[in-house]
Amino acid sequence: MADTALSESVVGEPDVWRLRARGCWAEAAALLAPYCADHPGAALRRAELLVEGCFYHLDGWAEAEDALRAAEALAGTDEERGAAASERGYLAYGATLFSVRDRADEASSAFGRAAALLSPASPGRPLLDFRRGLVAENLAANPAAARAAYRRAHAGAVAHGDTFLTSFTWRHLAGLAAAEGELAEARHGFSESLRIRVSLGHLVGTAPALLALADVEEEPEAERLRLEAARLYALLDNVPTWLAPAFSPPARADTL
């Protein structure tokens with residue numbers, strides 16, 4: 001979900017980011033395929049793309065699993081093995097979150113392995129912290145642990161210049177603030193997340209950011225944000241899939 005948004009860093013393929021940002025994960029992964037036989041970084045990036053696609057399409061789990069196994073087989077350094085373990089944990093977390101299969105224990109084990117392999121100064125550490133926060137928030141129902149993990153991830157992302165990851169840490173910290181009724185803090189966090197995604201051209205992540213901000217804004221601004229989110233959602237062929245309920249017309253009373 002977050003590594004770096006700088007297109008030129010993606011194994012030398014600027015088009016990978018542009019496709020990813022528009023929700024074309026399979027096409028982006030195909031650009032990396034020629035490099036994957038002997039390039040651990042390309043193999044891992046391809047797996048990351050396919051795993052991320054699962055979170056937006058709620059499909060493609062088997063293909064992502066195959067790509068991740070290939071990346072794990074090529075990993076030769078602690079950094080590479082740690083990054084692959086982080087991705088393994090994220091895939092297992094997603095399968096659990098979306099009720100594909102309960103892999104919560106696998107997620108926990110993989111994230112623990114990643115933490116042992118990635119040094120505190122590793123550029124992959126903030127992403128790992130963020131993902132562990134997701135587990136704490138959404139699987140363990142522990143908002144305090146989630147907040148601590150998100151704050152570590154945010155600080156690390158800022159230190160490493162990972163602007164894209166900060167769009168996620170802002171968003172999830174804001175979500176926790178909203179749940180506690182801290183609406184001013186939530187508006188700030190959601191606004192920052194939206195600003196970053198727009199500035200980076202991350203279209204597929206902009207509709208969720210618009211809706212999140214709309215939920216803590218007052219009318220008529222909230223309605224304007226929802227309309228813009230609906231426009232983008234339709235433009236991207238109804239991706240992310242899990243946003244569908246937000247755009248479903250309300251049922252008429254005489255059909256209930």
L97 side chain reached by L134 side chain, heavy atoms, under 4.5 Å: no
Pair H172 + F130: ring centers closer than 6.0 Å: yes
Cluster overlap L165 with L44, hydrophobic side-chain contacts below 4.5 Å: no
H202/W17 aromatic ring centres below 6.0 Å: yes
Non-hydrogen atoms of A146 and G133 that approach each other most closely: CB-O, 3.5 Å
Cationic N near anionic O, under 4.0 Å, R69 to D66: yes
Check against side chain to side chain donor-acceptor pair (under 3.5 Å), R197 and S167: CA-CA 7 Å; R197 293 182 184 191; S167 80; 3.3 Å; yes
Donor-acceptor under 3.5 Å (R81 side chain, G76 main chain): yes
Heavy-atom closest contact (L203 atom, L236 atom, distance): O-CD1, 3.6 Å
Side chain to side chain contact (heavy atoms under 4.5 Å, CB included) between L91 and W61, intermediate numbers included: CA-CA 8 Å; L91 181 62; W61 304 94; 3.7 Å; yes
Salt-bridge contact E182-R187 (side-chain N to carboxylate O under 4.0 Å): no
For E80, side-chain hydrogen bond (donor to acceptor under 3.5 Å, both in side chains) partners two or more places apart: none
is_close_aromatic(F168, Y150), centroid dist under 6.0 Å: no
Side chain proximity check, P126 to H160, heavy atoms < 4.5 angstrom: yes
With E180 via side-chain hydrogen bond (donor to acceptor under 3.5 Å, both in side chains) - residues at least two apart: R147
Aromatic plane relationship, F55 with Y90 - under 30° parallel, 30 to 60° tilted, over 60° perpendicular: parallel
Side-chain donor or acceptor of H57 paired with backbone N/O of D59 under 3.5 Å: no
Residue pairs fulfilling side-chain hydrogen bond (donor to acceptor under 3.5 Å, both in side chains) with at least one residue in residues 203-219, sequence neighbours excluded: E219-R226
With A85 via side-chain contact (heavy atoms from CB on, under 4.5 Å) - residues at least two apart: R113, A114
Pairwise ring pair (Phe, Tyr, Trp, His ring centres under 6.0 Å) hits with a residue in residues 177-198, at least two apart: W170-H188
Short side-chain to backbone donor-acceptor contact, R18 and A28, under 3.5 Å: no
Separation between CZ of R20 and CG of L31, rounded to the nearest 0.5 Å: 13.5 Å
Aromatic centroids of Y56 and W25 separated by under 6.0 Å: yes
Verdict with reasoning, F164 to I196, per side chain to side chain contact (heavy atoms under 4.5 Å, CB included): CA-CA 7 Å; F164 187 39; I196 291 167; 5.6 Å; no
Residues L58, V100; criterion side chain to side chain contact (heavy atoms under 4.5 Å, CB included); working and verdict: CA-CA 9 Å; L58 306 188; V100 178; over 6 Å; no
Single-linkage hydrophobic cluster L227~L232, side-chain heavy atoms < 4.5 angstrom: no
Validation row: E137, N142 side chains within 4.5 angstrom (heavy atoms): no
Donor-acceptor under 3.5 Å (S108 side chain, D105 main chain): no
R101 side chain to A92 backbone, donor-acceptor under 3.5 Å: no
R131 and S86 side chains, donor-acceptor separation under 3.5 Å: yes
Short side-chain to backbone donor-acceptor contact, S109 and E106, under 3.5 Å: no
CA sep, side-chain torsions, deciding dist, call: F98, Y93, side chain to side chain contact (heavy atoms under 4.5 Å, CB included): CA-CA 9 Å; F98 294 115; Y93 159 75; over 6 Å; no
Side chain proximity check, R45 to C36, heavy atoms < 4.5 angstrom: no
Contact summary for G112 and R132, nearest pair of heavy atoms: CA-NH2, 4.2 Å
Sidechain-backbone polar pair: R125 side chain, L118 backbone, donor-acceptor under 3.5 Å: yes
Partners passing side-chain contact (heavy atoms from CB on, under 4.5 Å) against A26 (at least two apart in sequence or in another chain): none
Stepwise salt bridge (Lys or Arg N to Asp or Glu O under 4.0 Å) test for E65 and R88: CA-CA 8 Å; E65 183 76 41; R88 164 74 49 198; 2.4 Å; yes
Neighbour count >12 (heavy atoms, 6.0 Å) for atom CD, E63: no
Spatial distance of atom CG (L225) from atom CG (L213) [nearest 0.5 Å]: 5.0 Å
